[in-house]
Each structure stands twice: as C-alpha cells, then as structure tokens.
2 protein chains.
Amino acid sequence: MRLFAQHGYAAVSMRQIAAGVGVQAGALYNYTPDKQGLLFGLMREHMDELLAARAERDVPADPLAQLEDFTRFHIAFHMERADEVFVSYMELRNLDAENFATIETLRRQYEDELEAILRRGVAAGVFSVPDSKIATLALIAMLTGVNTWYRTGGRLSVREVETIYWDMVRKAVAP
Amino acid sequence: MRLFAQHGYAAVSMRQIAAGVGVQAGALYNYTPDKQGLLFGLMREHMDELLAARAERDVPADPLAQLEDFTRFHIAFHMERADEVFVSYMELRNLDAENFATIETLRRQYEDELEAILRRGVAAGVFSVPDSKIATLALIAMLTGVNTWYRTGGRLSVREVETIYWDMVRKAVAP
DNA sequence: AATGTATCTGAACATCTGTTCAGATAAAAC
DNA sequence: GTTTTATCTGAACAGATGTTCAGATACATT
C-alpha cells in the first residue's frame, strides 16, 4: 500500500511488492488472481472500512451537529490513512470497468450520506446551498484536500485542523 | 497529454505516445532527452500558462471582487484544461527531485496569489478565515474538485458552475 | 543540381514486466 | 510416522519497456 501510494500502481512491480512483504513474486498469486486484483482488494477494503467506521457513529439530532460530525469524521479518518486515500483517489483509472463500478458505488454511498445531511439542513432552514449535489462534492473535495499538505508532526493537531475546516464548512453552507 | 491523463504516465509507453503523433518511438528523442522530460515539459507548460493567464487579468479594486475574479478564473481555466490539470496533480510523484521542485515553486506562486487576496480581505475586515494558508489550500482543493465531476455537455454551463462555487467561497470566508 | 541540415525509420540493446508451474518446504491431520 | 494440505521458491515464458544509432528520407540553402 505504501509502495502504491509513493510510486503509483503502474510503477510498482509484483517483485517489489513481494520484496516488501519478504517473499518471492510467485507467492503473491496465492492471494490475488492478478495484479489488479491486489489494487482492487486494497481499494475495496478501504471503502468498506470508511463506510463501516461511518456507520458506527451515532448520529446527532440536528443537521448542524450532523454536519460537524461528518466534517470531523472525514478529516480524522482521512488523515490517519493518508496512503489508502491517496491510492483510492489516484488509481481509479487502473481498474477495469467492473471493478471501477464497484468502487464508484461505494464512494457514491458515502457522498450520499453528506448530501442527505445537507438536504435535511436546507429543508429545516439551517443551511442554504446552491445545489446540494455540487455542494456535496465541493465540500468533500475541500476536506480531502487536507491530505495534500498535512504531515504528522506539523504545527497543528488533527483536532485543530478539524476545527479550522469545520469553521469554513459551517459558513459555506450557512443561510 | 490525453494519453497521460487517461492511463497515467507510467502506464503509457513511448511507442504509444509516438503512435499518437504518428511517428516512430525513436523520433521522440529529437524533442525530449527522455520520457520524464516529456512529462516535465507538459507540466511546466501548463503551470506557465496558468500563471500567464492569471497575470493578464486586471485586478479589481476591493478584495471581495478580487476573490470572485480568482474563483471564476480558476474554475474556467481548469475546466477547459481537464487533461492538463489531471496530469499536473496526479503525476507529480513521477518527477525527480529537481523537476518536482520547479513545478512546486510555480504552484506555490499561484497559491500565494490567492493567499494574498485573503490576507488583504482579512486586514480590511471583509473576510475572516481561521488560517490564511490553510484557507488557501482548502479553497483551491474545493475549486479544483470541479474537474472530478464536470463533463462538457452536462446540465450546467461553465458560468453557472462558477456562480455556484463563488457562492460557497464567498460565504466560507465571510466574517 | 548539389550540398547541408533536420527529421524520421527500423532494428537492435539490455532489462524489466506479469504470470505460470514443477518441485521444495513446512505445517496439520490422521 | 505417514499422508494430506497449504504455502513458497526459483526458474522459465513471451512480450513490453526506455533508449540508442546507423542509415534512409525530406527539406532548405546555396
């Protein structure tokens, strides 16, 4: 996973992966049908864990608290899995049509959770967004952007970053 | 460029590139010292054009108008160069240290323009952001996210997308 | 028409690619 | 202690990779 994140799926050979886990290349084929299966497995696992972790949280009552919860969850989860996030966002094009569709469905599920929050908030009059679908994608892009600059050990804690982004998210959807 | 965007730098061979321009692989070496030089050339050209296009615009007077101008410019420019943007954001890891630093410097220049706008706005009391550097990166990530979903010929025009995002940007940095 | 310059071809190079598989090795089940 | 099962090795495979280069081709200048 670290190898894929650092060099890219296509640039990493089965022999490098095998060396990474201390084994010969041929042995990998006891665990994956082919190279793409390996990538797909990692991606699917990541998305499953994302949705599972999300489902475990108990949802607050009002949309504003739900949005804050989503924001903090998204940032915290993505920050502690920088490699997985990177690969899952970057290597989609290396999946064949079927595998791509599977991952895309999972991603859509996750996006739908945020969109549902926004819609409820708009209906309740506590949010105002020009277009709930676009707002969803815009906010997720903004939040996921943390991964491009955050490095553990920097001047800000995860909690502080959460708060900074929450401030902007809250205002962006304010009426 | 289209090939790099669709399949990724590492997944595209020199022979494929050559075929794309109707030539044999060897002929490419009259134009680039090696494969990475080709990627670097495309990236550098893209960043130069970005900064040049930005420099051509005459800047509005107040920070609010400047921010709107930046937002609309960024979206419009990035939407009409989907492939270049995609490659420039995705293939950074395939550059060696020196080339990477060059591109990174150009990107930083661009980000600094937005940050300067934000700082002026904060100083003038028309903006309020928790951290101007982070806000810069957050906004750029959000705006660049358009490239993940927008397809020409969809239900929204570029101008409409600009306006939708501008609404969210404006509110996100509001006092 | 003859020369010089720039570009392109097509083959060759050494090396790497994903994948397969017979046989070695180890662990588990009886 | 023997047999079954699972896992790993190491070599082999056919083909692709980036890059080089002598020679062909086309074009511009004299």
Side-chain angles (χ1 to χ4, degrees), chain A residues 1-48 83-104, chain B residues 1-48 83-104:
Chain A
M1 177 55 92
R2 187 175 30 86
L3 286 173
F4 279 163
Q6 274 176 342
H7 308 102
Y9 166 78
V12 175
S13 72
M14 293 299 272
R15 286 169 180 78
Q16 286 176 281
I17 298 169
V21 296
V23 111
Q24 288 294 109
L28 295 177
Y29 288 83
N30 291 319
Y31 304 96
T32 180
D34 52 22
K35 191 186 178 189
Q36 175 167 154
L38 228 153
L39 175 63
F40 176 67
L42 290 173
M43 281 189 174
R44 152 141 233 167
E45 197 179 344
H46 172 65
M47 293 307 295
D48 284 346
D83 285 346
E84 287 83 349
V85 170
F86 197 69
V87 170
S88 291
Y89 274 76
M90 300 274 275
E91 308 291 0
L92 278 171
R93 63 186 163 189
N94 290 306
L95 297 177
D96 63 34
E98 189 189 356
N99 288 344
F100 177 82
T102 303
I103 299 294
E104 205 56 15
Chain B
M1 176 55 93
R2 188 175 30 86
L3 286 173
F4 279 163
Q6 276 177 340
H7 307 103
Y9 166 78
V12 175
S13 72
M14 294 299 271
R15 285 168 182 81
Q16 287 176 282
I17 299 169
V21 297
V23 111
Q24 288 295 110
L28 295 176
Y29 289 82
N30 290 320
Y31 304 96
T32 178
D34 52 21
K35 192 186 177 190
Q36 176 167 157
L38 228 153
L39 175 64
F40 176 67
L42 290 173
M43 282 189 174
R44 153 143 232 164
E45 196 179 343
H46 171 66
M47 293 307 296
D48 284 345
D83 285 348
E84 286 83 348
V85 170
F86 197 68
V87 171
S88 290
Y89 273 77
M90 301 274 276
E91 309 292 0
L92 278 170
R93 63 186 163 189
N94 290 307
L95 297 177
D96 64 34
E98 189 189 356
N99 288 344
F100 178 82
T102 304
I103 299 294
E104 206 56 15

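Note that these values count all heavy atoms, side chains included, but never hydrogens, waters or copies made by symmetry.
- Rounded to whole Å, atom C1' of C:dT5 lies 12 Å from atom CG of B:N30.
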Expected string for nucleotides 12-28 of chain C under the B/S/- scheme (protein heavy atoms, under 4.0 Å, primed atoms plus P, OP1, OP2 as sugar-phosphate) is B----BBBB--------

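- Rounded to whole Å, atom C1' of D:dT7 lies 13 Å from atom CD of A:Q24.
- Rounded to a whole Å, the OH atom of A:Y31 is 12 Å from the P atom of D:dA6.
- A straight line from CG of B:L39 to P of D:dG18 spans 13 Å, rounded to a whole angstrom.
- Residues passing the ring-ring contact (aromatic ring centres under 6.0 Å, His included) test with A:F40, sequence neighbours excluded: none.
- For the side-chain hydrogen bond (donor to acceptor under 3.5 Å, both in side chains) test, no residue two or more places apart in sequence or in another chain qualifies with A:R15.
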Pair up each side-chain donor or acceptor in residues 21-31 of chain A with any protein partner under 3.5 Å, not counting sequence neighbours, and list the distances.
| residue | atom | partner | partner atom | Å |
| --- | --- | --- | --- | --- |
| A:N30 | ND2 | A:A27 | O | 3.4 |

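- Every pair passing side chain to side chain donor-acceptor pair (under 3.5 Å) that includes a residue from residues 90-101 of chain B is listed here, sequence neighbours excluded: A:E91-B:R93, A:R93-B:E91, B:Q36-B:N99, B:E91-B:N94.
- For the pair A:M43 and A:T102, the minimum side-chain heavy-atom distance is 4.5 Å or more.
- Under the side-chain hydrogen bond (donor to acceptor under 3.5 Å, both in side chains) criterion, A:E104 pairs with no residue, sequence neighbours left out.
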